[in-house]
Amino acid sequence: MTTFLVSHNLQVASESCPPWDGLQLAAGLERFCPTVTSAEALSHPHWRLRLESPLDAPLFAEELVAGWALLRSDHGHGVNHGILALGGRKDTPAASSSPLGFGAWGVDVVETPDPDAFLEGIQWEQLKAGRPADGVFEVLYKPQ
């Protein structure tokens, strides 16, 4: 079972793409991500929800960004921007106050009009270089 703790970084400044409520996200992603076996909204300053799926992390991330886009469309929101899932596996013991436990994945879902500029701005390649290859992923959904 793969566990994702998901945060949301909305870089799109448009009324047609409003921020999500955690409960909306949990219910919607459970609906639009067919392998999700558990979706729980979290009350945490960074992590918005916890998702579980039997898929491995990269495949689960692909399902997540596709499901996110479907959820936006279903609510009549704009989806003419990129949706990134940037994930890192927690390979060290977790702090007692953190919901991100050892072996779980912290996943930042970023909605941005320019995914390449966003990745460059956070120096994603350098961040990835410090991690094991199987402990990090990036998945991009681009509108058709």
Side-chain angles (χ1 to χ4, degrees), residues 1-14 16-116 118-119 121-125 127-144:
M1 189 65 60
T2 301
T3 300
F4 280 1
L5 266 70
V6 179
S7 66
H8 183 213
N9 185 341
L10 183 61
Q11 298 284 312
V12 177
S14 170
S16 70
C17 189
W20 287 114
D21 166 88
L23 292 172
Q24 283 179 309
L25 272 175
L29 292 173
E30 199 165 32
R31 181 173 159 217
F32 288 110
C33 296
T35 70
V36 167
T37 58
S38 174
E40 173 190 2
L42 299 176
S43 178
H44 187 270
H46 181 69
W47 303 115
R48 303 293 306 279
L49 64 150
R50 178 190 326 269
L51 300 172
E52 292 184 353
S53 168
L55 294 177
D56 68 14
L59 288 175
F60 188 14
E62 288 178 20
E63 181 177 280
L64 174 61
V65 294
W68 199 286
L70 288 170
L71 181 58
R72 282 271 182 220
S73 292
D74 188 63
H75 279 75
H77 299 170
V79 193
N80 56 348
H81 56 273
I83 302 173
L84 288 162
L86 306 175
R89 186 181 59 226
K90 180 71 173 162
D91 290 335
T92 58
S96 61
S97 62
S98 175
L100 182 62
F102 183 82
W105 291 82
V107 181
D108 190 15
V109 174
V110 182
E111 295 187 82
T112 176
D114 190 342
D116 292 331
F118 179 84
L119 292 172
I122 65 166
Q123 301 180 344
W124 179 246
E125 290 303 318
L127 291 170
K128 284 192 328 185
R131 304 291 310 257
D134 68 346
V136 65
F137 65 76
E138 68 190 71
V139 173
L140 171 62
Y141 167 87
K142 284 187 175 180
Q144 303 299 332

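Note that the structure is a prediction, hence the values are computed from the model and not measured. Index from 1, following the sequence.
- To the nearest 0.5 Å, atom CG of residue Leu100 and atom CG of residue Leu42 are 10.5 Å apart.
- Gln11 and Val110 make their closest contact through CG-CG1, 4.0 Å (heavy atoms, listed as atom of the first residue, atom of the second, distance).
- Once rounded to the nearest 0.5 Å, the distance linking CG of Leu25 with CH2 of Trp20 reads 6.5 Å.
- Inter-residue side-chain proximity for Arg31 and Asp74 is flagged as met; some heavy-atom pair is nearer than 4.5 Å.
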Discussion item. I'd like to know whether Glu40 forms a side-chain contact (heavy atoms from CB on, under 4.5 Å) with Glu52, so could you lay out the CA-CA distance, the side-chain angles of the two residues, the decisive distance to 0.1 Å, and finally the verdict.
Written reply: CA-CA 9 Å; Glu40 173 190 2; Glu52 292 184 353; over 6 Å; no
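- Using a 4.5 Å cut-off on side-chain heavy atoms (C-beta onward), Val109 and Tyr141 make no contact.
- Closest heavy-atom contact between Ala26 and Ala39: O-CB, 3.4 Å.
- Considering every non-hydrogen atom in both Pro115 and Gly82, the closest pair reads CG-CA, 4.0 Å.
- To the nearest 0.5 Å, the span separating CG on Leu86 from CG on Leu119 amounts to 6.0 Å.
- A ring-centre distance under 6.0 Å is not found for Phe60 and Trp105.
- With contacts defined as side-chain heavy-atom distances shorter than 4.5 Å, the pair Glu62/Cys33 does not qualify.
- The closest side-chain donor-acceptor pair between Glu63 and Thr35 falls under 3.5 angstrom.
- In this structure, Val107 and Trp47 approach most closely via the heavy-atom pair N-CZ3, 3.8 Å.
- Looking at every heavy atom in both residues, Leu71 comes nearest to Gly28 through CD1-CA, 3.6 Å.
- In this structure, NE2 in His77 is found 10.0 Å from CD in Glu111, a value given to the nearest 0.5 Å.
- Of the inter-residue distances, the one linking Leu5 atom CG with His44 atom NE2 reads 8.5 Å to the nearest 0.5 angstrom.
- At least one donor-acceptor pair closer than 3.5 Å links the side chain of Thr2 to the backbone N or O of Leu55.
- Although no hydrogens or angles enter the test, the distance criterion places no donor-acceptor pair under 3.5 Å between the side chain of Arg50 and the main chain of Ser38.
- Counting only heavy atoms from C-beta outward, the side chains of Leu29 and Val36 never approach each other to under 4.5 Å.
- Note: Ile83 CD1 to Thr112 OG1 = 11.0 Å, rounded to the nearest 0.5 Å.
- In plain terms, the two heavy atoms of Leu127 and Ile122 that are nearest each other are CD1-O, 3.4 Å.
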